[in-house]
Each structure stands twice: as structure tokens, then as C-alpha cells.
2 protein chains.
Amino acid sequence: MTESATAPRRVPLDRERVLRAAVALADGLGIEALSMRNLAERLGVVPMALYKHVANKEELLDGMVEVIVGEIDPPAPGADWKRAIRQRILSARQALLRHRWASQVIESRTHAPPVVLEYMDSLMGTFRAGGFSVDLTHHVMHALGSRIWGFTQEVFPTPLPPADPEARAAMFGQLAARYPHIIEVATAGYHDGQSAVGSGCDDQFEFEFALDVLLDGFERLHRQGWNSAERRPGTRTAG
Amino acid sequence: MTESATAPRRVPLDRERVLRAAVALADGLGIEALSMRNLAERLGVVPMALYKHVANKEELLDGMVEVIVGEIDPPAPGADWKRAIRQRILSARQALLRHRWASQVIESRTHAPPVVLEYMDSLMGTFRAGGFSVDLTHHVMHALGSRIWGFTQEVFPTPLPPADPEARAAMFGQLAARYPHIIEVATAGYHDGQSAVGSGCDDQFEFEFALDVLLDGFERLHRQGWNSAERRPGTRTAG
DNA sequence: ACCTGAACACCGTTCAAGT
DNA sequence: ACCTGAACACCGTTCAAGT
């Protein structure tokens, strides 16, 4: 009985506990609230104690990425490449949606933690198993880019329209004059008084739309036996 | 002669000068070196003087984005939609490459400055002029996402291999065991002793590859009269 | 009325002093 | 030998004192 009642919460710190606390803190208060001092306080230790388990804040962030990437489902056995890739990326998307700060942190990393390399290697293995050439696999991974994590940097969120109908009408009038196409697109299909501006698009639909345009394109290139010695996809002339 | 020799550099500060100095500082020393204090010193003023021209640092960053987006070429007249969009995005890419910090700052913006809305509106106008439905224009803009700025978040840069041939061979052996597909792809086409790992891919080729896969896909959907009431691109069954 | 130095409330990280 | 409080060199921003 080493953990007796006389020392109730004297659980020794370890890297795992530091990382999980950091993830929980970022989940709860946002990534901008994650400071070494803040995290230490949350763990009931002095800030310097953290430096026993992570060399610095950058390494802390690396570790947090590892935790999130670890939540991505393993590849489904037996699926064809297209379904396998699609499923894996959409699983990554779910993991990233559970931790809204994660995409930002992933994009700020300058080197890949091992678990990230494993994930990328696994995706590439799926393409190769599907018959993709090494060449096409290479460019296809680049084309997916950060989309392999299930997110794409969206264009800027448009601000919420004012609640007052008159003010809203005035705002739309002004915007429509300056940005006619944005307003046209944003208000399409919303003719019953509300508008898509501010109310947000269906992010999941948009993500899958882009993913499927890419996957369909990859499939076509693969079938055509594309290779990079020829030109880029769109520039090949007929015959 | 208001600007006489007796007061040589007493040029009054204005927003324009603040923004240009901030861009120059970020270009020269990196975005992490851009602080209000640093920028003030560079301009020979006290930090508080900056707050006369920008409300806070966020607004300073907004202004810097405006400067960079202003460098993007206007649309070429007379080109078909595909060439026009392609050219515009590749021009944006050149602007962003001149300011390596810009993509990071653009992605961190929470709202779009007017010049950004104008650029997006202009792209959407090009799709519309090319006959795209409002519906397809909407989803196509989402699919491009941050690619409209000419960049995509690349996957993590792989570290430079060690110079010592023996150490390099050992490293490749270890990596190949853990990440066989990464190594396969990274070393393809480099059989003359060097490797693509660390030496970097052709970013411009990769960018245009992905862009063209998307543009080709958009063209195909447009010709098919795609609309979002049907399913996503890849999920439509034959017939 | 205008400007600005000092101060406030933070940061990540170092380091020497204390146990 | 180990731990940690104080300190260092920064931040963005506030505010009151000085001109």
C-alpha cells in the first residue's frame, strides 16, 4: 500500500500525465490559455517541475499532437484504397473536431513526431496497396496536404448579421454593392428570410466535397497510368 | 518648404508607414520578431505611438494582410474561367512567397479585411462569368479553401540527412524499417546517391498538381450540371 | 489637449540559493 | 542530489502623471 491515505494526491508527475492535462486544458479553455505556468498550477506543481518531462513548450505541443493523432482509427482491413483513405481521413477529422485547437497546433509544428510519420506512412501504404505508383503516391500525398488531418483552413468566417431586421437589410444592401458574388452565394437557397451568412455552411459537406473531388481525380490519374514525366493533370492535350 | 533640413526625419507616422514597416520587419527578421515594442523602436517612436494608428496588434496583423493581398495581380481580362482562376491563384502564390510569414498570419485571422473580401468576390465572379451555378461556385470556393492564397499547408519537412555517408546509411536503414513507404517515395528517382529526403520536393509542381486536380474536377462537375441536391462528387452511382 | 514613461499582468526559461 | 523561488528578459496594453 504505497499510495496510502496519508498522501492522497501525491501521484508523481510523468510525461503522460503532463500531456493529458495539457490537452484537457486546451480543450476546456482554448490553446491561448495554455501556458507553462497555467498548466503547472492545474497540476498542482511549480512551473519548473514540467521541464523534467518536456524540454520546453514546443516539445509539449509536439506531445499534444501525438496524443491527438493517437486517437485516429487504425485502417479498416479489406477496404479498397479509396474507401480506406476516405474513412481514415474522416476519422482524423473527428479526432480533430474533438480538439478544436489541434489543427492550429499541427500546422505550427516544424518537425513530425514519430506517430505522425506512422500515420503518413500508413496512408501511403494504402495507396501503394491499391496499385498506385510510387510517383503518383508521392504527388497525391502532397495534394492532400493538411487535408490528411481532416481539416482544411476555411476562408474567413463571415460575421453574424445584426438581429434587427432593418439593420440587417441595410448591411446586406451595402455588402451586396461591394461584394455582389459573395452575397449571391451566401444567400442562395435561403429565401425564407434567413441567410447562410453567419449561420455557417455545412462544414462536413464542404470537407467531403473537396476530398471527393481530389479522390476522384486521383482515381482517374491512376487509371490513366499518369506519371510526373508527363505534364501536370490539366495540361495534357488530347491525343 | 515645410520639410526643411532643420527637421530631417520628422516624418509624421501614419497607418501606411506603420504597416509597411511591420511588413519589412517581418520580411527581414521573421514574424516572431514582430512585437509592438520592436516595431516602435524601428520607427524611432515610443510603443504607445503605434496605438494611434492601429487599435492593437491584431489590427496591425490585419493591416499587414491587406498590404500583401494588395500585391496580387488583378484578373487578366478575356481569359476563360479556368485560366483566369489559375493565373490569379498562382499570382497570389508569388505574393505569399515574397512574404514567407504571410500564410501563417492569414490563417490566424478571425475575420476578413475588406481587401480580402474583394479578392474572394472577384474569384467567385470569375466562376460565375464562366457559367458556374451559384451552388457549384459556393462549394468550389470551399474546396479551394486556403489554396486561393497560393499556399497549402505542406506535410512536415523531413530533417536533413547527416552528411557522413555511413551515418546516413544507418539512418535510412532505421527509417526504412519503421516507415517503408515514406522512404520508398522519398528516394524514388534519386538513385544516383542522393535522396529527396531533406533536399525537398518541387513545391511549385506540387502546388500546381493539386490545383489542377481540383480545377479539372470542377470543370467536370460543371459540365455534368452538378448540384448539391444530388450526392457528393464521388458517391454518385452509375445511371 | 496631447503625449509618454512607468506600471500592470502576464510570458518562457535560467539559475542560484536553499533544503 | 534534488527541488524551487526569485529573477531575467521579454510581451501587449493601461493609465496617470507630466508638459
- Message: Does this structure show an ion pair linking R37(B) with E41(B), if we count only N-O contacts that are shorter than 4.0 Å?
- Response: no

- Is there a ring pair (Phe, Tyr, Trp, His ring centres under 6.0 Å) between H139(A) and F205(B) once you walk through the steps? CA-CA 9 Å; H139(A) 300 297; F205(B) 182 94; 4.9 Å; yes

- Message: Is the shortest side-chain heavy-atom distance between Q94(B) and E71(B) below 4.5 Å?
- Response: no

- Message: What's the gap between dA9(C) and dA9(D) when it is taken at their P atoms, as a whole Å value?
- Response: 22 Å

- Item | E32(A) CD - dA9(C) P separation (whole Å) | 20 Å

- Euclidean distance, atom CG of residue L29(A) to atom P of dC10(C) [Å, nearest integer]: 14 Å

- Message: Could you identify the nucleotide paired to dA6(C), looking across every strand shown and requiring Watson-Crick or G-U wobble geometry with both distances under 3.5 Å?
- Response: dT14(D)

- Item | Whole angstrom value for the distance that separates C1' of dG5(C) from CD of E41(B) | 16 Å

- If we call it a pair only when both distances are under 3.5 Å in a Watson-Crick or G-U wobble match, what pairs with dA1(C)? dT19(D)

- Per atom distances to the N38(B) side chain, the nearest of dT13(C), dG12(D), dC11(D) is dC11(D)

- Which atom of M36(A) lies closest to which atom of N56(A), heavy atoms considered: CE-C, 4.4 Å

- Query: Does a salt bridge link R98(A) with D27(A), judged by any charged N lying under 4.0 Å from a carboxylate O?
  - Reply: no

- Task: Can you tell me the distance, in whole Å, between the CG atom of L60(A) and the P atom of dT13(C)?
- Result: 10 Å

- How many Å lie between NZ on K57(A) and P on dT14(C), as a whole number? 15 Å

- Item | Between dT19(D) and dA7(C) - P atom distance, rounded Å | 16 Å

- Check step by step if salt bridge (Lys or Arg N to Asp or Glu O under 4.0 Å) holds for R15(B) and E59(B). CA-CA 11 Å; R15(B) 190 179 144 90; E59(B) 207 192 80; 3.6 Å; yes

- Is there a side-chain contact between L96(A) and I106(A), using heavy atoms and a 4.5 Å cut-off? yes

- Query: Is the phosphate of dC3(D), meaning OP1 or OP2, less than 4.0 Å from a side-chain N or O of K52(A)?
  - Reply: yes

- Query: Atom CG of N56(B) to atom P of dA9(C): distance rounded to whole Å?
  - Reply: 20 Å

Polar atoms only, N or O, under 3.5 Å: list the protein pairs with nucleotides 15-19 of chain C and their distances.
none

- When you measure from the side chain of V46(A), which nucleotide among dC11(D), dG5(C), dG5(D) comes out closest? dG5(D)

- Message: For R37(A) and M36(B), find the nucleotide of DNA chain D closest to each by heavy atoms; which residue's nucleotide sits nearer the 5' end?
- Response: R37(A)

- Taking CG from L50(B) and P from dG5(C), how many angstroms apart are they, rounded to a whole number? 13 Å

